[in-house]
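Presented below is the structure to which this report refers.
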Amino acid sequence: MIDLTADAEALAPRLLGCLLRQDEVVLRLTEVEAYSGRDDLAAHAAIGPRPRTRALFAGPGILYCYLSHGIHICGNIVCGLPGRGSAVLLRAGEVVAGLEIARERRPGVPDVALARGPGNLGRVMGWTLADSGARLGQDGPVLASGEPPSGIASGPRVGVSVAHQRPWRFWIPGDPTVSAYRRSPRVVTDDRAW
DNA sequence: AACAAGATTAACT
DNA sequence: GTTAATCTTGTTT
């Protein structure tokens, strides 16, 4: 099994290739991002516990969902020690079961793009804000080990303007379900080294 | 009470 | 490359 008490930075690459099942839909994770906790300025945990971020501090093995831009539900797997606020954002995956339902939830979208991008992934899994706080393997999705990925790539997080020098986004290189990288419009530091 | 920004996406030009 | 869609939260008046 997977040790969810590890910090997000250590856990994130290990989640690649893992299987996440929500009801009939099973995803093979191909892209994730680590959010380290209160000391991570880009993390929702940085401001400390709030009603909205309650699930983030509830301890490892919790699903934390948030609403992005009023439209998209994005999901994280909370990890690390309770109260740390560490979590891994699920950015993309390959639908390996429940294709019919996934297609119904995203009509007209090619299979390979069904769960490409965090908002799309949440849509395919059928998540809403009410799923925030669900416990993995109980009232939430089930996480299981899968075939280890052929390789792991890393780089700066998508849409994040701080801590940009740290490679906290991990993906399976060459996988067609991985989302395109879009730099935050606010990044000031020179990141050409990446 | 009003406002701006956001771990985004898809549809434009 | 630009922009609309939509809503919650934190910040400012």
Side-chain angles (χ1 to χ4, degrees), chain A residues 7-13 15-16 20 27 29-58 62-80 84-95 102-133 141 153-171 176-189 191 194:
Chain A
D7 187 64
E9 202 170 353
L11 174 65
L15 286 180
L16 294 176
L20 190 69
L27 233 53
L29 299 177
T30 58
E31 181 190 352
V32 298
E33 262 175 16
Y35 287 85
S36 188
R38 300 197 60 153
D39 52 345
D40 179 357
L41 288 225
H44 291 176
I47 57 173
R50 290 285 189 290
R52 186 187 63 153
T53 57
R54 202 180 68 77
L56 254 184
F57 295 91
I62 299 275
L63 182 69
Y64 164 60
C65 295
Y66 68 94
L67 180 67
S68 180
H69 289 73
I71 303 174
H72 310 287
I73 300 288
C74 304
N76 298 248
I77 292 176
V78 178
C79 59
R84 173 123 173 73
S86 195
V88 177
L89 170 68
L90 308 177
R91 289 200 54 92
E94 174 193 0
V95 178
R103 286 172 182 149
E104 276 176 28
R105 288 172 174 167
R106 302 205 64 215
V109 173
D111 288 351
V112 78
L114 284 172
R116 178 192 289 164
N120 295 332
L121 186 152
R123 164 83 63 98
V124 159
M125 296 304 258
W127 288 333
T128 70
L129 283 183
D131 290 292
S132 197
S154 66
R157 291 179 290 197
V158 174
V160 168
S161 59
V162 300
H164 204 256
Q165 67 283 6
R166 287 249 232 157
W168 275 345
R169 171 182 180 241
F170 301 90
W171 68 94
T177 65
V178 173
S179 70
Y181 175 68
R182 299 201 209 310
R183 185 176 59 178
S184 164
R186 292 169 178 263
V187 170
V188 184
T189 54
D191 58 6
W194 298 107

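Residue numbers begin at 1 in each chain, while the letters A, B, ... track the order of the sequences.
One can place CH2 of A/Trp127 at 15 Å from P of B/dT8, the figure rounded to the nearest angstrom. Between A/Arg116 atom CZ and B/dT8 atom P the separation is 16 Å, expressed in whole Å. Taking atom NE2 of residue A/His72 and atom C1' of nucleotide B/dT9, one finds them 4 Å apart after rounding to whole Å. Atom OH of A/Tyr66 and atom C1' of C/dT9 are 14 Å apart (whole Å). Here the C1' atom of nucleotide B/dA5 and the CG atom of A/Leu41 are 16 Å apart, to the nearest Å. Per the geometry, CD1 belonging to A/Ile73 stands 13 Å off C1' belonging to B/dA7, to the nearest Å. In this entry the distance linking CD1 of A/Ile71 with C1' of B/dA5 reads 14 Å, nearest Å. Straight-line distance from the OH atom of A/Tyr64 to the P atom of B/dA7: 9 Å, rounded to whole Å.
Within the 4.5 Å cutoff, the side chain of A/Pro49 has no heavy atoms near those of the A/Arg54 side chain. For the pair A/Leu89 and A/Val32, the minimum side-chain heavy-atom distance is 4.5 Å or more. Counting heavy atoms from C-beta outward, A/Leu56 and A/Tyr35 have side chains that stay 4.5 Å or more apart. The closest side-chain heavy-atom distance from A/Arg91 to A/Leu121 is not below 4.5 Å.
Sorted by first and then second residue, the side-chain hydrogen bond (donor to acceptor under 3.5 Å, both in side chains) pairs involving residues 107-123 of chain A (not counting sequence neighbours) are A/Arg103-A/Asp111, A/Arg106-A/Asn120.
Paired runs in DNA chain B that reach 3 or more consecutive Watson-Crick or G-U pairs, where each pair keeps both distances under 3.5 Å, cover B:1-6 with C:7-12, B:8-12 with C:1-5.
Heavy-atom distances under 4.0 Å link DNA chain C to A/Arg50, A/Arg52 of residues 50-57 of chain A, given in residue order.
The six-membered or imidazole ring of A/His44 lies near that of A/Tyr66, with a centre-to-centre distance under 6.0 Å.
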